[in-house]
Amino acid sequence: MKLSMAKRSALAIFLGVAILLTGCSGSKKAEDSTPSSTSVPEALSPNLTTIATAKGEKIRVLTSLPAGTSTSTTIADSAISPTTTAVPGTPVANLPAIPRKNLNSAGVRVVDGGYEYDNPTYYKNPLVFQVLEQQGAWLKVLLPARPNHQTGWVETKDVTLSFTNYRVQLDLSTYTVRVFQDDSMVFEAQSVIGLDRTKTPTGHFYITEKIPQNPTTGIYGTWVVATNGYSDSIDLFNGGLPVIAFHGTNEPKLIGTKASNGCVRMSNDSINWIAERLPAGTPIDIYATTPSWWTPVVPTTSTVPTS
């Protein structure tokens with residue numbers, strides 16, 4: 001399966017992960033919408049996304065499937081995620097890889113054959129990956145790495161699996177963030193996106209972790225919600241990694257404009273709605289312009305925040 005989830009959506013911002021709360025511009029526990037499992041079932045609802053959570057203190061991710069891997073339990077792409085159309089994203093131009101040797105990569109290291117990730121994360125949250133495919137005892141997952149949209153392989157014994165029926169979309173041309181649950185749009189709000197020189201990158205990503213803010217009156221508002229993506233424009237930011245994420249703001253007057261270093265800022269009410277409901281692992285897609293075939297449905301709730 002390609003790194004694409006065209007029937008999924010996205011939000012994003014730019015900030016340095018190693019110092020995530022210094023760079024870019026009361027909460028309920030998030031509610032997973034489906035129970036956990038120890039294996040990927042043979043068939044899932046096309047609206048469910050599989051999430052892999054690391055078990056141990058470290059997890060090794062291989063960039064290639066080991067030779068001779070049995071594929072007798074291969075799971076069809078449609079069992080892992082919805083029917084999709086490619087969302088290739090914007091290629092990285094002349095920016096070095098993340099992670100790389102001799103770089104403070106906030107718990108991620110280059111090792112022989114791939115990467116090694118610490119668990120929990122730098123911010124003490126469980127390490128999660130979005131699952132794209134299963135081959136025998138191995139799961140193909142989307143990685144926090146640059147160039148964006150990289151995949152790798154983890155062993156099923158090293159993770160536990162859960163599922164979500166949420167997905168998120170960001171249309172950069174209209175600054176609009178939408179959240180879908182199954183086939184229903186349940187949230188819509190306006191946002192701030194990156195300046196033309198530091199554009200918010202496009203493509204398919206997923207939420208890696210959610211970080212509540214204290215105090216809640218700073219530049220990040222009430223929540224920071226990080227993703228696995230990195231900036232396509234900046235290598236390092238204030239000494240930290242240029243992670244794509246979304247967050248609240250103390251300048252709501254800028255909503256509906258290009259004003260950030262790649263961040264997607266939202267009103268605090270909007271970011272609260274997202275952080276309190278969407279689990280880490282939720283798929284997100286960022287489009288330059290929403291595809292013509294993606295027709296939003298009528299919201300099923302009257303509690304859509306305004307910006």
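Position 1 is the first residue of the sequence; numbering continues from there.
By the 4.5 Å heavy-atom criterion applied to side chains, L236 and L241 are counted as neighbours. Counting only heavy atoms from C-beta outward, the side chains of P283 and H204 approach each other to under 4.5 Å. Residues D235 and R146 form a side-chain contact, since some pair of their non-hydrogen atoms from C-beta on lies under 4.5 Å apart. Two residues are said to be in side-chain contact when any heavy atoms from C-beta on lie closer than 4.5 Å; V192 and Y175 fail this criterion. Residues F129 and I59 form a side-chain contact, since some pair of their non-hydrogen atoms from C-beta on lies under 4.5 Å apart. A heavy-atom distance below 4.5 Å is found between the side chains of Y206 and V128. Put simply, the side chain of V264 reaches to within 4.5 Å of the side chain of I193, judged on heavy atoms. T121 is not listed as a side-chain neighbour of T208, based on a closest heavy-atom distance of 4.5 Å or more.
At a threshold of 4.5 Å between side-chain heavy atoms, the hydrophobic network of Ile, Leu, Val, Met, Phe, Trp and Tyr places I234 and L195 in two separate groups.
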inquiry  = Please determine whether side-chain contact (heavy atoms from CB on, under 4.5 Å) holds for the pair Y230 and N148, giving the CA-CA distance in whole Å, both sets of side-chain angles, and the decisive distance to 0.1 Å.
reply    = CA-CA 7 Å; Y230 290 95; N148 290 325; 3.9 Å; yes

key: Pair I274-M266, side-chain contact (heavy atoms from CB on, under 4.5 Å): steps then yes or no   = CA-CA 10 Å; I274 288 170; M266 304 180 71; 3.8 Å; yes

message = Show, in sequence, the C-alpha distance, side-chain angles and deciding distance for W273 and V179, and conclude whether the side-chain contact (heavy atoms from CB on, under 4.5 Å) test is met.
response = CA-CA 10 Å; W273 194 98; V179 178; 4.1 Å; yes

task = Applying side-chain contact (heavy atoms from CB on, under 4.5 Å), run through L254 and T249 and close with a yes or a no.
result = CA-CA 9 Å; L254 295 177; T249 182; over 6 Å; no

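When only modelled atom types and interatomic distance are considered, S173 and D171 share a side-chain donor-acceptor pair under 3.5 Å. Using modelled atom types and a 3.5 Å distance limit, the side chains of T176 and Q190 yield a donor-acceptor pair. Between the side chains of H247 and Q213, no donor N or O sits under 3.5 Å from an acceptor N or O. D182 and N165 share a donor-acceptor pair across their side chains, judged by distance under 3.5 Å alone.
Between atom CG of residue N272 and atom OG of residue S267 there is a gap of 8.0 Å, rounded to the nearest 0.5 Å. Atom-to-atom distance recorded for W223:CH2 and I211:CD1 is 9.5 Å, nearest 0.5 angstrom. Here the CE-CZ distance, from M185 to F180, works out to 6.0 Å after rounding to the nearest 0.5 Å. Note: I284 CD1 to L170 CG = 9.0 Å, rounded to the nearest 0.5 Å. Atom-to-atom distance recorded for L143:CG and I98:CD1 is 13.5 Å, nearest 0.5 angstrom. Here OG1 of T282 is found 13.0 Å from CZ of R277. Values are rounded to the nearest 0.5 Å.
The main-chain N or O of T216 is never found under 3.5 Å from a side-chain atom of T222 such that the two would form a donor-acceptor pair. In this structure, T156 contributes its side chain and W138 its backbone to no donor-acceptor pair below 3.5 Å. Without hydrogens or angle criteria, S184 side chain to V186 main chain gives no donor-acceptor distance under 3.5 Å. One N or O on the side chain of K210 and one on the backbone of L278 form a donor-acceptor pair closer than 3.5 Å. No donor-acceptor distance shorter than 3.5 angstrom exists from the side chain of Y115 to the backbone of P144, with no hydrogens or angles considered.
Nearest heavy atoms, S270 versus F187: CB-CZ, 3.7 Å. Across all non-hydrogen atoms, the minimal contact from I207 to V225 is CG2-CG1, 3.5 Å. Closest heavy-atom contact between G194 and T200: N-OG1, 3.0 Å. The two residues I255 and S191 come nearest to each other via the heavy atoms CG2-N, 3.7 Å. Contact detail for T198 and S260: the closest heavy-atom pair is OG1-O, 3.1 Å. The minimum heavy-atom distance linking N125 with N119 is given by the pair O-OD1, 4.4 Å.
Pairs passing the salt bridge (charged side-chain N to carboxylate O under 4.0 Å, His left out) check and including a residue from residues 51-64, sequence neighbours excluded, read K58-D118. A salt bridge (charged side-chain N to carboxylate O under 4.0 Å, His left out) check over residues 155-166, counting only residues at least two apart or in different chains, returns the pairs E155-K157.
A salt bridge is absent between K199 and D232; no separation between the charged side-chain nitrogens and carboxylate oxygens falls under 4.0 Å.
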